[in-house]
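Only one structure is covered here, and it is reproduced in the block below.
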Amino acid sequence: MELPLPDEAVRLRVPATDWRDAVRYAGAALTAAGITQAAYTEEMIATVEQLGPYIVIAPGIALAHSRPSPSVNHAGISWVTLATPVEFGNADNDPVSLVVGLAAVDHDGHIDLMAALAETLADEIRLPKALAATTPEALRAALAPTEEGQV
Amino acid sequence: MKKIVTVCGMGIGTSVLLKMNTEKALRALGLDGDWEVEAADIGTARGVARTADVVFTSADLVDEIGTVKAKVVVIRNFTSVAEVTERLQELV
């Protein structure tokens, strides 16, 4: 499966000032893409305030999300790269330059999406290209599964 | 059959990602017949951990899980199959 990333779900090189700001960009992109309602953004921030910066899952990468809630319309992701990396307070993986916003309506209805995301984030060829993208088109081209093996 | 529980705060993102990479690592090690993997959120983790042998989670959540019978293992990079593979090799 290809990661569903319409223009509305993508924000590139945004000038986020701190981690809350970065998560707000990811939330605004989820809302713009029709995936969530605006309240979900604050739910994602509350998750970090409550449980700590565990959402920084790999060096430079945060997976911003909260639990399934009435603020979620359907499962989906947003993709936000930061002009300047910000600290989330995660000793192992700070600073963060990519925030992937994630929303889901239950615990296992988005398994295909997570499989595609896991593959993308572990891909040493596609990920650097995706991080360098300056337009949503370039991002989608970098992430396209057909790119694999052609490099 | 032994059981690994992957734990994150909400049970939809991080733990699911870690479950997938753990299953991938188990297959590569030829151990997928010996271990099953389940994802859980922090609210249900303590209960689920009672029936598990191992808990995989992040450093931030170790204190939340507290003392359980299962061995609690910290994973630093949830997207790294290599790191999960190393932790698995230490277990078997």
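Each chain gets a letter, A, B and so on, in the order the sequences are listed, and its residues count up from 1. All values derive from a computational prediction rather than experimental measurement.
Both B:Val92 and B:Val72 are assigned to one and the same hydrophobic cluster, defined by single-linkage of ILVMFWY side chains at heavy-atom distances under 4.5 Å. The same ILVMFWY cluster, assembled from side-chain heavy atoms under 4.5 Å apart, contains both A:Val99 and A:Ile45. Linking ILVMFWY residues whenever their side-chain heavy atoms come closer than 4.5 Å, directly or via other members, leaves B:Val81 and B:Phe56 in distinct clusters. Under the 4.5 Å side-chain heavy-atom criterion for ILVMFWY residues, a single connected hydrophobic cluster contains both A:Ile111 and A:Met1.
A distance of 8.5 Å separates SG in B:Cys8 from CG in A:Leu63, rounded to the nearest 0.5 Å. To the nearest 0.5 Å, atoms CD1 (A:Ile57) and CZ (B:Arg76) are separated by 15.5 Å. Once rounded to the nearest 0.5 Å, the distance linking CD of A:Glu119 with CG of B:Asn21 reads 10.0 Å. Note that CZ of B:Phe78 is 9.0 Å distant from CG of A:Asn93, once rounded to the nearest 0.5 Å. One finds the CG atom of A:Asp108 at 8.5 Å from the NZ atom of B:Lys19 (value rounded to the nearest 0.5 Å). Distance check: B:Thr79 OG1 to A:Leu117 CG gives 9.5 Å after rounding to the nearest 0.5 Å.
Here the side chains of A:His65 and B:Thr14 are in contact, with some heavy-atom distance below 4.5 Å. Residues A:Leu51 and B:Glu64 form a side-chain contact, since some pair of their non-hydrogen atoms from C-beta on lies under 4.5 Å apart. Between B:Ile12 and A:Met114 the shortest side-chain heavy-atom distance does not fall below 4.5 Å. Residues A:Asp92 and B:Asn77 have side chains not in contact (no heavy-atom distance under 4.5 Å, counting atoms from C-beta outward).
For chain A, the nearby part of B:Asp41 is the side chain; its heavy atoms alone come within less than 4.5 Å. In this structure, chain B has no heavy atom under 4.5 Å from any part of A:Leu113. Neither the backbone nor the side chain of B:Leu18 comes within less than 4.5 Å of any heavy atom of chain A.
Counting non-hydrogen atoms of neighbouring residues, nucleotides and ligands closer than 6.0 angstrom, the CZ atom of A:Arg67 reaches no more than 12 such neighbours. At most 12 heavy atoms of other shown residues, nucleotides or ligands fall within 6.0 angstrom of atom CZ in B:Arg50.
Taking each heavy atom of B:Ser58 and A:Tyr54 in turn, the nearest pair found is OG-CB, 3.2 Å. For the pair B:Asp60 and A:Pro53, the tightest heavy-atom approach, listed with the atom from each and the gap, is OD2-C, 3.3 Å.
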